[in-house]
Amino acid sequence: EESAALYNQAIELRRRLLGREHPLVALNVHNFAVLQLYRGELQQAAALSQEALKLFRRVYGEDHTLTVSARNNLANIDRVLGRYEAAEEGTRTVLDWWVKTQGPDNPNSIGALSNLGQIYRDRGDLARAEEILRDADGRWHRRMGAAHPTGASIRKHLAGTLADRGQYDEAGRLLRDVLDRIRAAYGASHTEVAATLHEWGELARRRGDLAEAESRLGEAVAMRRELLGEQHYLTGRSLAALGATRLAGPGPASARQPLE
């Protein structure tokens, strides 16, 4: 709350001193949008990202990294809000720009490709999502190697998509790898660790291992509460999954297929 208030004060001060369309004002608005997305303030983040995109267009034009960054941020927000057509249009524009300027195997291009795969997953086109995310996962690991944590994040989204498609064994292998790599990179408590625990819990629930699901989702809830707060939409998502798991009951032991 304090950081958001300070950011807002800084923006208002620079607007008064420099004018509403100064490059530093545009950059502050963009950074504030990124902060609000992280905090889960999605509607404000969307409004700020739209403002930042308009300012960057006026100041720098369409063909500039800051304009592309603002468009990417807005597309990510649109995806979370369920505005999938807008999210896909924005993400494809970002992907095309990075491929044109830096090639298809540049990390920025691969990141945009992964974002596109996440959009297809969220809208339910799982076959297309798997195809795109396998491509992104392969490109990232060929270019950057296995140690980089962004590669683990892309693999996490691929594992979640495979779980959605019923490919539980491969999804479990990937998630074990992802969790080990993310913990090694970030430590035991991090938003990416919580996201991986959430995916693991959802996979366990689908496999019928409700005890494992409750354990992993409980960890995700506790970590997201600590890192993001009770009101964050990601905390709510993990709470909803944990509630659904508990409502499902223990289930027959013969239906359980433990991950470990």
Side-chain angles (χ1 to χ4, degrees), residues 79 84 88 91 95 104-105 107 109-186 188 190-221 223-224 234 237-238 240-242 244-245 248 251-260:
R79 180 183 66 81
Y84 298 130
E88 182 176 355
T91 301
L95 176 59
D105 292 325
S109 302
I110 301 169
L113 186 65
S114 175
N115 289 343
L116 185 62
Q118 292 176 59
I119 293 168
Y120 276 99
R121 181 192 178 190
D122 286 354
R123 70 195 306 176
D125 189 346
L126 300 179
R128 183 67 175 133
E130 180 184 346
E131 178 185 357
I132 292 171
L133 288 167
R134 282 194 186 278
D135 187 15
D137 181 68
R139 288 177 184 274
W140 185 274
H141 286 82
R142 287 193 297 272
R143 172 66 186 268
M144 303 297 292
H148 199 287
T150 298
S153 181
I154 293 172
R155 182 158 288 182
K156 174 194 69 190
H157 296 303
L158 172 59
T161 302
L162 294 174
D164 291 344
R165 301 199 74 194
Q167 300 176 36
Y168 300 144
D169 290 341
E170 184 178 4
R173 288 194 299 271
L174 292 178
L175 283 175
R176 279 191 289 271
D177 172 62
V178 167
L179 190 59
D180 288 344
R181 288 162 54 184
I182 287 179
R183 280 174 168 163
Y186 296 127
H190 189 275
T191 53
E192 280 294 323
V193 175
T196 307
L197 289 169
H198 178 97
E199 292 282 8
W200 196 323
E202 290 279 39
L203 172 59
R205 181 169 60 85
R206 290 188 177 97
R207 298 182 74 154
D209 187 358
L210 299 181
E212 175 75 5
E214 183 170 347
S215 175
R216 297 294 183 174
L217 289 168
E219 290 180 75
V221 167
M223 198 174 297
R224 282 177 162 171
L234 289 174
R237 188 174 294 174
S238 291
L242 179 59
T245 300
S254 60
R256 298 181 183 179
Q257 301 176 55
L259 290 173
E260 293 183 319

Treating [X] as the side-chain partner and [Y] as the backbone partner, does any N or O pair qualify as donor plus acceptor under 3.5 Å?
X	Y	value
Thr245	Ala241	yes
His141	Asp137	yes
Thr196	Glu192	yes
Ser114	Ile110	no

Report the distance from atom [atom1] of [X] to atom [atom2] of [Y], rounding to the nearest 0.5 Å.
X	Y	atom1	atom2	value
His198	Leu242	NE2	CG	10.5 Å
Gln118	Ile132	CD	CD1	11.0 Å
Leu234	Met223	CG	CE	13.5 Å
Leu217	Leu210	CG	CG	10.5 Å
Glu170	Leu162	CD	CG	5.0 Å
Asn115	Arg79	CG	CZ	7.0 Å

Take Glu130 and Tyr120, measure what side chain to side chain donor-acceptor pair (under 3.5 Å) needs, and give me the verdict at the end.
-> CA-CA 9 Å; Glu130 180 184 346; Tyr120 276 99; over 6 Å; no
At their closest point, which heavy atom of [X] faces which heavy atom of [Y], and how far apart are they?
X	Y	result
Arg224	Ala195	NH2-CA, 3.5 Å
Ala185	Pro149	CB-CB, 3.9 Å
Ala163	Ala171	N-CB, 3.8 Å
Ala152	Arg181	N-NH2, 3.5 Å
Ala129	Thr161	CB-CG2, 4.0 Å
Asp164	Leu126	CB-CD1, 3.6 Å

Are the side chains of [Y] and [X] in contact, using a 4.5 Å heavy-atom criterion?
X	Y	answer
Met144	Thr150	no
Arg155	Trp140	no
Arg216	Leu175	no
Arg207	Asp169	yes

Would you call Arg206-Glu202 a salt bridge at under 4.0 Å N-O?
-> no
Pair Arg128 + Glu88, salt bridge at N-O below 4.0 Å = no
Please list, chain by chain and in numerical order, all residues satisfying ring pair (Phe, Tyr, Trp, His ring centres under 6.0 Å) with Tyr84, sequence neighbours excluded.
-> none
Go through the steps for Arg173 and Arg176 under the test side-chain contact (heavy atoms from CB on, under 4.5 Å), then give the verdict.
-> CA-CA 5 Å; Arg173 288 194 299 271; Arg176 279 191 289 271; 3.8 Å; yes
